[in-house]
Amino acid sequence: MAPALLELQNYQVAFSAGQESYPALREISFAVRDREALGIVGESGCGKSLTALSVMGLLPKGAAVSGGEARLNGKILNGLTPEDWRSVRGKQVAMIFQDPMTALNPLIPVGRQIAEAASTHLPVSKREAKNLALDMMRKVGLSRTEHLYREYPHQLSGGMRQRIMIAMAMICKPQLLIADEPTTALDVTIQAQILDLLREMKENAGAAMMFISHDLGVIREICDRVIVMYAGYIVEEAPVKELLDRPLHPYTIGLLKSIPDIGQRGAPLYTIPGRVPSLAERKGGCPFAGRCAHAEPECATRLPALERRAAHHRVRCHLYADKEASR
Ligand code: SF4
């Protein structure tokens with residue numbers, strides 16, 4: 001097995017407000033290996049984006065790492081200075097955000113933003129940075145690049161802006177590319193083009209990818225392995241085919257049941273009852289207990305461990321605890 005490029009061990013992040021601390025990521029342990037595409041799924045508020053932002057050293061105000069360790073290329077990320085982070089971002093890890101309008105600077109032409117990403121992280125002149133930017137714009141499928149280079153974000157379509165974001169992320173050839181819901185804000189046809197582009201960029205650049213989505217259909221398209229997160233915990237992890245064909249955790253099963261089936265046209269759509277608890281509402285026990293049809297009394301008080309049920313399949317649920325793996 002390839003060595004881990006990114007490794008999180010019992011990683012915890014908490015928000016603080018006054019004297020109170022609210023854990024948002026708990027007991028997070030996983031690895032991303034060279035050239036691997038790891039998917040992270042779950043509803044909004046489950047900790048997917050917070051995990052990504054933490055790996056980028058971009059935790060929001062009020063949030064801090066409260067335990068465990070994150071390593072990139074063996075280097076511990078906890079406690080890096082802003083200067084240290086500048087040497088990690090760009091060349092080692094880069095991120096594509098969900099909404100390019102909030103990630104791109106509205107006052108700077110898009111080409112210059114890509115060139116600045118190159119000149120910040122690579123030993124290149126301004127002229128070389130511009131040529132690299134133009135070349136990368138062509139690689140992400142943009143045409144009339146000399147003209148586009150001078151355009152501002154609001155002058156481009158949503159799909160073009162997302163291609164600019166991908167060019168910015170890829171210009172320094174990062175070892176790990178984090179894509180946080182990169183197609184959610186796009187039309188279905190543009191979504192397919194952007195997914196194809198991401199797959200192509202990953203193959204050509206030989207990068208690893210962390211792909212965050214609430215859409216298991218998209219995850220099936222692009223990922224090798226999947227982590228399912230719920231209320232700040234990893235509740236299941238497996239190779240993508242295994243997870244989609246033989247899900248174990250009731251939450252994963254609910255997510256899969258929620259995918260609309262064209263063969264069931266006219267039938268009511270399934271939704272998981274209830275909602276993800278807010279940080280203040282989270283108590284001990286299984287985080288999914290309030291919404292789970294299989295909950296037993298112990299589920300409300302005892303947190304299940306994330307246990308291995310098959311070679312590469314882990315699940316956090318009392319239904320499977322202390323039973324022989326059946327496969
Ligand atoms: Fe449901 Fe209990 Fe399993 Fe949690 S531990 S998912 S509440 S059965």
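Numbering of ligands and ligand atoms starts at 1, following listing order.
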- Interatomic spacing from CG in Leu198 to CD in Gln193 - rounded to 0.5 Å: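 Answer rounded to 0.5 Å: 12.0 Å.
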- Geometric class of the Tyr230/Phe288 ring pair [parallel <30°, tilted 30-60°, perpendicular >60°]: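 Judged by the thresholds at 30° and 60°, the geometry between Phe288 and Tyr230 is perpendicular.
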- Query: With under 30° as parallel and over 60° as perpendicular, where do the rings of Tyr152 and His154 fit, or are they tilted in between?
  - Reply: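 Judged by the thresholds at 30° and 60°, the geometry between Tyr152 and His154 is parallel.
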- Would you mind listing which atoms of ligand 1 come within a distance below 4.0 Å of any non-hydrogen atom of His249?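 Once the distances to His249 are compared, the set is 6 (S).
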- Query: Do other residues, nucleotides or ligands put more than 12 heavy atoms under 6.0 Å from Arg35 CZ?
  - Reply: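 At most 12 heavy atoms, drawn from other residues, nucleotides or ligands, come within 6.0 Å of this atom.
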- So with a 6.0 Å cut-off around CZ of Arg220, is the heavy-atom count from everything else above 12?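 Open: at most 12 neighbouring heavy atoms sit under 6.0 Å from CZ of Arg220.
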- Item | Residue pair Leu38 / Asp224, side-chain heavy-atom distance below 4.5 Å |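 No, too far: nothing below the 4.5 Å cut-off.
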- Task: Quick one: name the protein N/O/S atoms under 2.8 Å from atom 2 (Fe) of ligand 1, chain by chain.
- Result: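 Atoms qualifying: Cys299 SG.
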